[in-house]
Amino acid sequence: MHIVDLIAAKRDGQAIGAEDLHRLIAGYTATDIPDYQMAAFLMAGYLRGFTDAETVALTDAMLASGDRLDLSELSGPTVDKHSTGGVGDSTTLVVAPLAAELGMQIIKLSGRGLGFTGGTLDKLESIPGMRTDLTTADLVAQVDRIGLAVCAQTDDLVPADRAMYALRDVTATVGNTALIASSIMSKKLAGGAHAILLDVKVGSGAFMKTVGDARELAEVCVALGTSAGRATRAVITDMSQPLADTVGNAIEVREAIEVLRGDRHSRFAELCLDLAGHLAALSGTAPDAAAGRELAARALHSGAGLDRFRMLIEAQGGDPRVVEDTSLLPIAPISLPIHATQDAWLATVDAEAVGRASGALGAGRETLGAVIDPAVGLALDVKIGDRVHDGQVIGRILARTGDEARRGEHAVLAALGWSAQAIQAPPLIHAVVDPPASGPDHRPMARTAAHVS
Ligand code: URA
């Protein structure tokens with residue numbers, strides 16, 4: 001089909017065949033098809049939706065646009081974990097060492113922060129000397145040696161997604177379940193791991209604002225992974241408030257180290273253990289997620305997880321002494337306490353606004369390629385359901401200047417909603433999504449635009 005006819009067919013709600021979708025993606029990756037035609041197609045698809053078969057074909061075509069990691073030299077079980085993105089979400093820093101300690105080989109290709117969400121690479125690079133640009137050969141050798149690597153995706157993996165994601169970002173076409181699922185799963189499939197755990201975030205600090213939309217995305221991703229022969233599970237987790245108690249880069253690494261030391265008991269620490277448990281179950285390392293969680297808790301409390309994190313830092317050129325002495329991590333000169341302004345229960349948090357407040361301090365970037373400041377960020381010590389007293393210190397801002405700190409404090413306070421009555425804490429995990437017993441072909445797939453930002 002000619003590209004203009006293909007756009008017209010999608011605009012008019014007709015299904016597009018796999019061959020045409022492959023030619024579209026290949027043509028766009030080769031820059032034979034210009035941005036304006038791909039943008040028109042994406043908008044038509046955003047509005048009309050995609051059938052199950054189209055979603056599978058789109059994912060295959062994106063996967064075929066570049067290389068795949070060859071993990072055949074690894075004895076396995078190879079595992080990967082992906083978060084759809086949130087605020088204060090540094091689970092990889094804790095889960096990856098625990099998974100390696102449990103005998104899994106974890107290859108984590110991570111991203112950078114964009115907009116209000118943080119990125120694992122930025123966080124890791126706040127450790128002095130830490131490199132995240134490993135070659136495929138170095139990555140495989142490192143995983144073989146110490147069981148884990150956390151690094152940037154190489155340019156030759158799913159180049160179609162890089163170009164399409166940048167275009168979707170500026171044409172208001174990110175928020176379609178099939179487009180998000182094919183974007184995520186083409187990268188996960190190219191990453192080569194046998195077991196894939198998806199952490200689909202839902203709430204005010206996530207792409208997905210409702211559990212229904214998160215479940216739809218989770219089901220499509222699980223179906224795509226399963227039909228490609230990978231053991232795939234999704235966990236829908238709460239992002240109605242920042243997950244960790246800190247938001248930023250070095251400050252989140254500090255918190256992750258404290259969790260691995262066993263010094264912090266928090267929702268964040270609990271979720272890390274849950275995710276490690278699910279990975280263990282998915283990879284066959286434990287009989288089920290509860291048993292896997294128990295093994296992960298033991299690895300954490302024995303200090304073995306922290307040792308594994310030290311190995312990761314050392315292997316990627318970072319200063320391993322940070323695990324004993326977190327003062328070696330960069331820290332901004334101004335530390336301004338945030339005070340509660342009433343006696344009340346914390347009822348709501350606009351987590352996206354908290355993420356933006358951290359970004360405005362310099363911890364995030366609005367455009368890819370912008371430079372971030374690893375030393376700034378914020379801590380919010382209260383969670384939904386906590387009771388506070390007027391004047392109580394509920395967090396702090398780490399900033400370069402007093403003005404920036406005061407603006408940050410104002411933004412965080414504006415993001416909090418209070419109640420005069422006791423409030424129930426939200427669940428940490430809303431649902432676990434596995435492939436249906438009847439097989440992936442019967443799963444509902446994305447037909448409509450999801451209600452995401
Ligand atoms: N994350 C991705 O990798 N792709 C999307 O489309 C959205 C979130």
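Atoms within each ligand, like the ligands themselves, are counted from 1 in listed order.
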Exercise. Should E54 and R48 count as an ion pair when the cut-off is N to O under 4.0 Å?
Worked result: no
Below 3.5 Å, N or O to N or O, backbone or side chain included: is there any such pair between T84 and ligand 1? no
When you check the gap from the basic side-chain N to the acidic O, do D12 and K10 get nearer than 4.0 Å? no
Of all protein heavy atoms, the one nearest atom 3 (O) of ligand 1 is K187 NZ, 2.5 Å
**Prompt:** Quick one: do R356 and E352 make a salt bridge, cutoff under 4.0 Å?
**Reply:** yes
If you scan protein heavy atoms around atom 5 (C) of ligand 1, the nearest is Y165 CE1, 3.2 Å
protein heavy-atom neighbour closest to atom 4 (N) of ligand 1 works out as S183 OG, 2.6 Å
heavy-atom search around atom 1 (N) of ligand 1 in the protein gives I184 CG1, 4.0 Å
Tightest non-hydrogen contact, residues V433 and I236, listed as CG2-CD1, 4.0 Å
closest protein heavy atom to atom 8 (C) of ligand 1 is F207 CE1, 3.5 Å
Residue set satisfying side chain to side chain donor-acceptor pair (under 3.5 Å) with S186, at least two apart, ordered chain then number -> none
